[in-house]
There are 2 protein chains.
Amino acid sequence: MLNPLTRKLLAFCDFTSAERRALARLGEYGVQRLPGNGLGNDPRKPGDVYLVVDGWAQRYKILPDGGRQILAYLLPGDMSERDTDVFGGFDHEMEAIGYATVCQISKQTLLETERDHPRIAIALAWAACVERATLQEWIANLGRRSPERRVAHLLCELWRRMAIIGNADGDVMSFPVSQVQLADTVGLTPVTVNRIIQRLRQQNTIILQNGKLQVLQAEQLCTMAGFDAAYLYADNSHAKSHDF
Amino acid sequence: MLNPLTRKLLAFCDFTSAERRALARLGEYGVQRLPGNGLGNDPRKPGDVYLVVDGWAQRYKILPDGGRQILAYLLPGDMSERDTDVFGGFDHEMEAIGYATVCQISKQTLLETERDHPRIAIALAWAACVERATLQEWIANLGRRSPERRVAHLLCELWRRMAIIGNADGDVMSFPVSQVQLADTVGLTPVTVNRIIQRLRQQNTIILQNGKLQVLQAEQLCTMAGFDAAYLYADNSHAKSHDF
DNA sequence: CGTTAGTTTGAAAGTCTTCAATTCTCGTGG
DNA sequence: CCACGAGAATTGAAGACTTTCAAACTAACG
């Protein structure tokens, strides 16, 4: 079975068996299981990169007034930012959601892998590019979508990303995010998020309970969210056509 | 006189005279003056990168419902995203604010410059890193700051960035952004932005008129905004200490 | 079976948006 | 040199919506 990083990058280009072995090795360094969901348990050491292999993690900021803003969800196959680690400290925190399994990869190991397998380096750069596009989509989400659409859009994105790595079983997927976390993601209060979710349930659009999300009416959800998956570059046709 | 790109990167590391010449050359390719502020006049060709040398530009998205979200302001020395250009189409538009002078640099020229001057490549990577940090700061701004703080924070950021490239004359700087654009940046209506600005004026915090911004009480503005310039890495101490 | 985190509900208060209409600014043409 | 027009800024008032504040309820866990 391929690890989630390989599964994710496969959406960008095919790999030789040598490359696949290298990717597999990346998922075997310093494996550790982290509890999140509590105190500040940010496990990061500068210079190292963390790859989520099971469960979810989140990156977030705490503002001066104590408010929290979630900046990104790290699904299996996602890595903590590499560049930031290279150029200095972190400007945000990271922690697991519930429990997550991550592996800790030294900068050197990563650089050697990229040196030995240029196509992997390109694929990782592509992944970083998608991450930046996602940040931009979140800005648009927070700034110019109605509360209901905001939540819907986030659900669409997470569903699609889980599907890309093969972690969505049809229209059902694991969804370990609490309503408070959703609120800290989409810039609303937990109360509002709760009422929006109830509305979505009443419309038979989704089922969300017990850490599981089921999308009953995908078409409707995507439409109301104004969701266009292009920014995830899940449509790899143009990417694969490059000479990589 | 150094061009704005050089001035910006100088905040990251010093350059040899050969490197400075290379940076100077980058600012001389395909110079053109663009009117913005009107119709969709996005001048970009895939594969080319655009460097702002005078005036401001903006990147933005148009949502399905017609709303506009501004994603970033490009000040002198800023470049349109390189990665996006490499990996496919654009997922956003770009246009000048008022009039701006940009130069059009082919991907090949840029890559050659980076190849011949590795430290320039690193400095550009650093700049991209700062841009990503800025996107994240905007997410926090939109999601978890009050309207008043949002506007204040944006003003702080732009003031600081103008100062970094030496385009702020003390507490006064050019500020070609309309209130409607501010509204499309911070996720508010023009009416609300207008009232916030009036409040800032009445408190003698800023003067904003005729395309000029003057910060009368910097301390107060930054405090109320919860502004911490660390994400701009303007404090180059840790960066310059690297072995670049 | 008690505890804790998470979800749900209600009602009041506050704030932003909406919708118009007015005023101001500045470049252009007469 | 002044009138005109377009874009930008400003103002007012009503309405809609989210937030706030509590409190009750549920579910999971030891």
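First the proteins, then the strands, lettered A, B, ... as listed; each starts at 1.
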> Rounded to whole Å, how long is the line connecting atom CD1 of I97(B) with atom C1' of dG7(D)?
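After rounding, the reported distance stands at 16 Å.
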
> Rounded to the nearest angstrom, tell me the gap between atom CD1 in I196(B) and atom C1' in dT10(D).
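Between C1' of dT10(D) and CD1 of I196(B): 15 Å.
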
> Can I get a per-line list of side-chain donor-acceptor pairs under 3.5 Å for residues 201-211 of chain B, giving both atom names and the distance, sequence neighbours left out?
from, atom 1, to, atom 2, distance (Å)
R201(B), NH1, L208(B), O, 2.6
Q203(B), NE2, T205(B), OG1, 3.4
T205(B), OG1, Q220(B), OE1, 3.1

> So which pairs with a foot in residues 69-79 of chain A pass side-chain hydrogen bond (donor to acceptor under 3.5 Å, both in side chains), sequence neighbours left out?
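Those involving residues 69-79 of chain A are K8(A)-D78(A), Y73(A)-T185(A), D78(A)-R161(A).
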
> In B/S/- notation, 5' to 3', how is nucleotides 24-30 of chain D contacted by protein heavy atoms closer than 4.0 Å?
----S--

> Would you mind telling me which of R150(A), R145(A), R160(A) makes a salt bridge (charged side-chain N to carboxylate O under 4.0 Å, His left out) with E137(A)?
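Of R150(A), R145(A), R160(A), salt bridge (charged side-chain N to carboxylate O under 4.0 Å, His left out) with E137(A) is met by R145(A) alone.
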
> Across nucleotides 7-17 of chain C, 5' to 3', mark each nucleotide with B, S or - according to how protein heavy atoms within less than 4.0 Å reach it.
SBBBB----SB

> Would you check if the side chain of Y233(A) reaches a backbone N or O of A127(A) as a donor-acceptor pair within less than 3.5 Å?
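No; zero donor-acceptor contacts below 3.5 Å.
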
> Spell out, as yes or no, whether a donor-acceptor pair under 3.5 Å connects the side chain of T6(A) to the backbone of L2(A).
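Side chain of T6(A) to backbone of L2(A), a donor-acceptor pair under 3.5 Å: no, none is there.
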
> With a 6.0 Å cut-off on the ring centroids, do F175(A) and W159(A) count as close?
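Judged by ring-centre distance (under 6.0 Å), F175(A) and W159(A) do not meet the cut-off.
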
> Residues in salt bridge (Lys or Arg N to Asp or Glu O under 4.0 Å) with R199(A), at least two apart?
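R199(A) satisfies salt bridge (Lys or Arg N to Asp or Glu O under 4.0 Å) with E148(A) once adjacent residues are dropped.
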
> For the residue pair H153(A) and Y231(A), categorise the inter-ring angle as parallel (less than 30°), tilted (30 to 60°) or perpendicular (more than 60°).
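Answer is parallel, since the angle falls under 30°.
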
> The helix from dC1(C)-dG30(D) to dG30(C)-dC1(D): angle between its terminal axes, five pairs each, to 10°?
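Both end axes considered, the difference amounts to 40°.
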
> Verify the distance criterion only: is there a donor paired with an acceptor across the side chains of Q104(B) and R44(B) at less than 3.5 Å?
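Absent: no donor and acceptor within the cut-off.
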
> Quick one: D184(B) CG to dA9(D) P, roughly how many Å, whole number?
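Rounding to the nearest Å, CG of D184(B) and P of dA9(D) are 12 Å apart.
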
> Please determine, by modelled atom types, if N167(A) and R7(A) share a side-chain donor-acceptor pair under 3.5 angstrom.
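Short answer, yes.
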
